[in-house]
There are 2 protein chains.
Amino acid sequence: MEKTNHDFLEEETVQEVARTFKALSDPTRIKILYLLTQEECSVGHIAQCLNMTQSAVSHQLSFLKNLRLVKSRRQGQSYFYTYDDEHVIGILKEVINHTLHN
Amino acid sequence: MEKTNHDFLEEETVQEVARTFKALSDPTRIKILYLLTQEECSVGHIAQCLNMTQSAVSHQLSFLKNLRLVKSRRQGQSYFYTYDDEHVIGILKEVINHTLHN
DNA sequence: ACATTATATGAACACTAACTCATATATCGC
DNA sequence: GCGATATATGAGTTAGTGTTCATATAATGT
């Protein structure tokens, strides 16, 4: 096929798609998001569940929040996080299931 | 929820899921895979279409081949690549469409 | 107001990843 | 066999990523 006959994605589109997948490409972030599919979690709870430092978890949460994949609400001294992108969570679950059944 | 009541993924599963998403997290690989959804391509053709060096494309193809996301056949001096994982291509298309319609 | 608890944030560090450059390998036409 | 073409591959470089450590911010209980 000639180059001119191909369908090319806009550079901006490619970048955005890459960003989405990148968010899901780290084991820690996968674990965090998977936890959040089960319940709203505080930072400390996540850290405890995943055996990670508070700081490491917080950094990743702020990463996910920038991409609007999670959101947070304050309650007293704690922040509670929930996922905020049904589509991305759906993709994650799909790949997890596919991986489990292979 | 108590930690013991959560559902945790096997470490191996998480790693594999992360690998899959990582494959899709780079703009170049996205472009290559998207091209391959349209037709079987030689390395040179891909390089020309994407304005990249032969070497850069070849490195990424070998990356994708290691994960069995693409396969190649030789024809004369050329190698022709096709995608080799319907599920991953499906995920890619889904995220592309979702990105386009937002 | 002060100590405590929970979280966020910035800097530094180690590790990884993608590209370039040079070169190796393999096929083709002659 | 030889030059030309197409691709693969290894080393080196540079940019990016995830963690730790130290510290800042903010709410709570006394």
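Just so you know, these numbers come straight off a predicted model, no measurement behind them. Naming: A, B, ... by sequence-line order, numbering from 1 per chain.
- For Ser55(B), no side-chain nitrogen or oxygen approaches OP1 or OP2 of dC21(C) to under 4.0 Å.
- Map Leu61(A) and Ala56(B) each onto its nearest nucleotide of DNA chain C; the residue landing nearer the 5' end is Leu61(A).
- Residue contacts for Phe80(A): at a heavy-atom cut-off of 4.0 Å it reaches no nucleic acid atom on any strand shown.
- For the OP1/OP2 pair of dG18(D) and a distance below 4.0 Å, the side-chain nitrogens and oxygens of Arg29(A) include at least one atom meeting the criterion.
- At whole-Å resolution of the value, CG in Asp26(A) and C1' in dT16(C) are 12 Å apart.
- Contact annotation: the side chain of Val43(B) never approaches that of Ser78(B) to less than 4.5 Å [non-hydrogen atoms, C-beta and beyond].
- Comparing dT9(C), dT9(D), dT28(D) by their nearest atom to the side chain of Gln77(A) picks out dT28(D).
- Contact between the side-chain N/O atoms of Gln75(A) and the OP1/OP2 oxygens of dA6(C) is not found at any separation under 4.0 Å.
- Where His59(B) and Val43(B) meet DNA chain D, the nucleotide closest to each residue was compared, and Val43(B) sits on the side nearer the 5' end.
- Taking atom NZ of residue Lys71(B) and atom P of nucleotide dT7(D), one finds them 19 Å apart after rounding to whole Å.
- By the 6.0 Å contact criterion, CZ on Arg73(B) is enclosed, its count of non-hydrogen atoms from other residues, nucleotides or ligands being greater than 12.
- In this structure, the CZ atom of Arg73(B) is 14 Å from the C1' atom of dA6(D), given to the nearest Å.
- Contacts of Ser58(B) with the nucleic acid, taken as non-hydrogen atoms under 4.0 Å apart, include base atoms.
- Salt bridge Lys31(A)/Glu11(B): present, at least one basic N to carboxylate O contact under 4.0 Å.
- One can place CD of Gln15(A) at 13 Å from P of dA18(C), the figure rounded to the nearest angstrom.
- In summary, Glu86(A) and Lys93(A) do not engage in a salt bridge, as defined by a charged side-chain N under 4.0 Å from a carboxylate O.
- With rounding to whole Å, Asn66(B) atom CG is found 12 Å from dA8(D) atom P.
- One interatomic measurement links the two molecules: OH of Tyr79(B) to P of dT25(C), which rounds to 13 Å at whole-angstrom precision.
- Side-chain contact between Tyr79(B) and Ser58(B) is absent, with no heavy-atom pair separated by less than 4.5 Å.
- Going from atom CG of Asn51(B) over to atom C1' of dA18(C) covers 17 Å, rounded to whole Å.
- Counting atom types as modelled, Gln54(A) pairs no side-chain N or O with a base atom of dA6(C) as donor and acceptor under 3.5 Å.
- Between Leu64(A) and Ile32(A), the closest side-chain pair of non-hydrogen atoms falls below 4.5 Å.
- Residue Lys22(B) is classed as a sugar-phosphate contact, given heavy-atom separations below 4.0 Å to backbone atoms only.
- Checking the phosphate oxygens (OP1, OP2) of dA6(C), no side-chain nitrogen or oxygen of Ser42(A) falls inside 4.0 Å.
- Comparing Thr53(A) and Val57(B) by the nucleotide of DNA chain D that holds the closest heavy atom to each, the one mapping nearer the 5' end is Val57(B).
- Atom P of nucleotide dG10(D) and atom CD of Gln60(B) are separated by 16 Å, given to the nearest angstrom.
- Between dT27(C) and Ser78(B), no contact under 4.0 Å exists linking OP1 or OP2 to a side-chain N or O.
- The side chain of Tyr81(B) contributes an N or O atom lying less than 4.0 Å from OP1 or OP2 of dA8(D).
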